[in-house]
Each structure stands twice: as C-alpha cells, then as structure tokens.
> 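Please read through the structure below; I'll follow up with questions.
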Amino acid sequence: MPVGTQATVKAVTPGELAEVGARIVLANTYHLYLRPGAEVVERAGGLHEFMQWHGPILTDSGGFQVFSLSARRKITEDGVRFRSHLDGSEHLFTPESVTRVQERLGADIIMAFDECAPYPAEKEYVREAMERTHAWAERCLSAHTRQDQALFGIVQGGVWPDLRRQSARFLGSLDFPGYGIGGLSVGEEKGQMAEALEAAISELPENRPRYLMGVGAPEDVLDSIVAGVDMFDCVLPTRNARNGGLFTPAGRLNIRNGSFREDLLPVQSDCDCYTCRNFTRAYLHHLFRAEELLAYTLATVHNLRFLIALVERARGAVLRGELSDFRERFLEGYSPTDPEARAMNRRRRRAAVWD
Ligand SMILES: [Zn+2]
C-alpha cells in the first residue's frame, strides 16, 4: 500500500497511482484529524471523494504517531493526551474517539488504537503496552458501528516471541476480519523481527489477512510474504524516490550520483513504468541536480511500480507453489542496502513520522 499520510501520496496523482498498479492506499488518522479535520473530510463525502481515490483506502489509528510524540504526550488507561505537532493544542485520543474519527474519514479498512512500545524497551513495559493494546482493541470493537468498514486488530509484543504469541492468540479470539502486526522494523535486528513475526503468525487465524505495518524494503517484503504476510505499507519507496534513491533488481541506485550524468539507459530496462518507458537515467539525474519538481514524480512512479510489480510476481509464484524459488532468484541478484544504512534509515524513519 502506497502511503498517503495527508490524503495524498506525495508527488503523484490518483491516476498515476492507478497506473503503477496500486490497489489500495493508506492515509493517516492523526494527521487528518488535526488537519483538515474529520468533519471537513466527512462533509466532502469521505476520503474517497476528498482525495479522488476510488479504490480501497486504509487508515491507521494514529497510535504510532501519538506515541512517538514522547515529550508531548501522557498515557492513561483511558487513552493518550497529547499536544499537536502543528500548533501545540491539546487533544485526547481514546479507542472510542479514534474509532469515531476513522468512521467519519470513511476508509474501507480502519485500525484499532494500539500502543506501539518504543525500541529498545524493557520487557515489562512492552507487556504493559501489549495489555493496554488488548483492552483498547476490545473497546474499539464495541465502539465500531459502520458495517461497511473492516476494523483490524493490531498485534504488539515487541521482539519477544512469547508476548507476540500471547497477543496474536488474544486478538485472534476477538474475531477481527484482519490483523495488523505492529511495532516491528523499528530498529531491531533482522533475526529478531523474523522470530517475532513468525510467533505472531503462528497464532493468527489462517483465513484472515495479515498486515505487517511499516515494512517496505524489497528483501523484507519478500521474506515476510514467505512468512505468511499479505499486506504491507511503508514510506520507503516514496521517500527514497524523493531523495533520488531508485529501486532496481540489483539493489538501490542513487540517481544523483555523477556516474549517471551521461547514462542513456532507463532506470531499469525491463520495468514497464511510465518513467522507464520514456526517460533516461541522464534525464532523471539532470532533474534531481536542477531540483526540478518532475524529478519527484518520475522517481516515485518508478519506485512504487518496482515494489508493486515485485508483489504481483510474488503473488503469481504463491499460486504456482514456487515462492521460495522466486525469493531465492530475486535475492541472488539483489544487494540490499548494508545493515548500518538500514538501521540509520529506520532511526530516521522513526524520528520523521510526519512524512
Ligand atoms: Zn520503472
């Protein structure tokens, strides 16, 4: 799911999104609640009308954003009191109020209000946050009235497999139509994430979609599909694109690099996106160096297409029963960004939740 935090996927139109093969986009409750306000979106006819995206939309609950306002928020059993990052005004999010806001925004899939514990954190704190998340999930279920929206629960539990299993078992018993797995890819090691993910998935109902929140590096997406994940969202493809970082089957290239100044090849020769069908690396390099706005659009179109095409091919491989071969073949040619750069990206991503 491309991320459209402020009811827009940065630098691309809804028509361009449809053209790269996007089926569903994500918007953010915290941001839209503060600006322009749920009542404005509701009066405009809901998010689909407001942003002119007529495919499915998912709103996250805003939990991740309010909890990352560490100096500006206070957690109680009832909810979270916080100050707006825009004007310092004080607000209270409770499971009931967040559910109500999401009903007014009108997405097709809405998320339960959860507490995403920071990483690293003591196990006892992570357990408390998980228990609060469970109590809040039940409250979201009772507050939810719109039958045309699916409300997903969110599994928490940090990097501890026993907590992840416990969380998945509890939420599974509440019979949500789908499940988010939150609080991963926040700076932990790859192995820790894999273990926590496996533990959660082992206890989630098999016939409900599983949504791994905030994951979008191509190699992580493939590994997680192998582990049993169905849905992803991440700002990585769009944010990287705006910084000149372009995905290719060989790894990420930085188009600002001087070596592309005279490179007349497309970004990726076998990519079917608008950018690769029409433009050269030299042209994109030039647009970035000249700080032309079209650079952001062309780069975003390519990165979104790259990930969506990867998932389309993975889906085909699942249907043919060839997923692990597909994963191996992809990873053979692909060099992921080195672990240190990945960890730095994640820290930056955590600091910059305002994307
Ligand atoms: Zn392309």
Side-chain angles (χ1 to χ4, degrees), residues 1-5 8-26 53 55 215-225 231-317 326-327 329-337 341-342 345 349 355:
M1 295 179 284
V3 177
T5 301
T8 168
V9 176
K10 288 186 196 306
V12 292
T13 65
E16 286 160 340
L17 275 180
E19 205 192 320
V20 298
R23 303 275 188 88
I24 171 170
V25 300
L26 184 138
W53 171 257
V215 166
E219 65 277 18
D220 292 343
V221 166
L222 269 189
D223 285 345
S224 310
I225 293 174
M231 301 166 66
F232 304 88
D233 79 284
C234 191
V235 297
L236 193 74
T238 43
R239 181 179 296 157
N240 273 351
R242 297 195 304 280
N243 292 321
L246 300 178
F247 293 146
T248 79
R252 210 182 299 167
L253 62 80
N254 186 350
I255 199 71
R256 293 170 171 277
N257 197 305
S259 62
F260 297 115
R261 198 168 68 90
E262 298 180 49
D263 189 336
L264 298 180
L265 293 171
V267 172
Q268 179 190 333
S269 44
D270 61 349
C271 175
D272 59 3
C273 84
Y274 172 74
T275 303
C276 293
R277 278 187 285 118
N278 292 284
F279 303 97
T280 60
R281 293 171 174 181
Y283 183 64
L284 266 85
H285 172 83
H286 158 70
L287 292 181
F288 271 100
R289 285 296 178 100
E291 296 181 6
E292 280 293 338
L293 299 180
L294 185 59
Y296 304 125
T297 301
L298 294 183
T300 301
V301 161
H302 170 74
N303 274 3
L304 286 177
R305 182 61 201 151
F306 178 89
L307 266 186
I308 288 169
L310 180 68
V311 173
E312 284 170 357
R313 283 157 57 215
R315 192 182 297 133
F326 174 74
R327 174 182 166 276
R329 257 181 297 141
F330 176 82
L331 292 179
E332 255 170 38
Y334 188 83
S335 43
T337 313
R342 283 163 60 100
N345 273 340
R349 178 144 41 94
D355 190 290

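Order of listing sets the numbers, starting from 1, for every ligand and every atom in it. Predicted model, so just to flag it, every value in this text is computed and none were measured.
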> Could you check whether any side-chain heavy atom of F326 comes within less than 4.5 Å of a side-chain heavy atom of R313, counting everything from C-beta outward?
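Side-chain contact under 4.5 Å: yes.
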> Only one of E312, Q268, E19 passes side-chain hydrogen bond (donor to acceptor under 3.5 Å, both in side chains) with R305; say which it is.
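It is E312, the one option of E312, Q268, E19 that forms the side-chain hydrogen bond (donor to acceptor under 3.5 Å, both in side chains) with R305.
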> Please evaluate residues T275 and Y283 with respect to the criterion side-chain contact (heavy atoms from CB on, under 4.5 Å), reporting the C-alpha separation (whole Å), side-chain torsions for both, the decisive distance (0.1 Å), and the verdict.
CA-CA 10 Å; T275 303; Y283 183 64; over 6 Å; no
> Checking the side chain of N240 only, and the main-chain atoms of G245 only, is there a donor and an acceptor separated by less than 3.5 Å?
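Looks like no, no N/O pair under 3.5 Å.
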> Any donor-acceptor pair under 3.5 Å linking the side chain of D220 with the backbone of G216?
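Not at all, since once roles are kept as given, no pair shorter than 3.5 Å links the two residues.
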> Run through the protein N/O/S atoms less than 2.8 Å from the Zn ion (ligand 1) and write them out by chain and number.
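Less than 2.8 Å away from the Zn ion (ligand 1) sit C271 SG, C273 SG, C276 SG, H302 ND1.
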> Would you please classify the geometry between the F306 ring and the H302 ring as parallel, tilted or perpendicular, with 30° and 60° separating the classes?
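Ring orientation, 0 to 90° scale: tilted.
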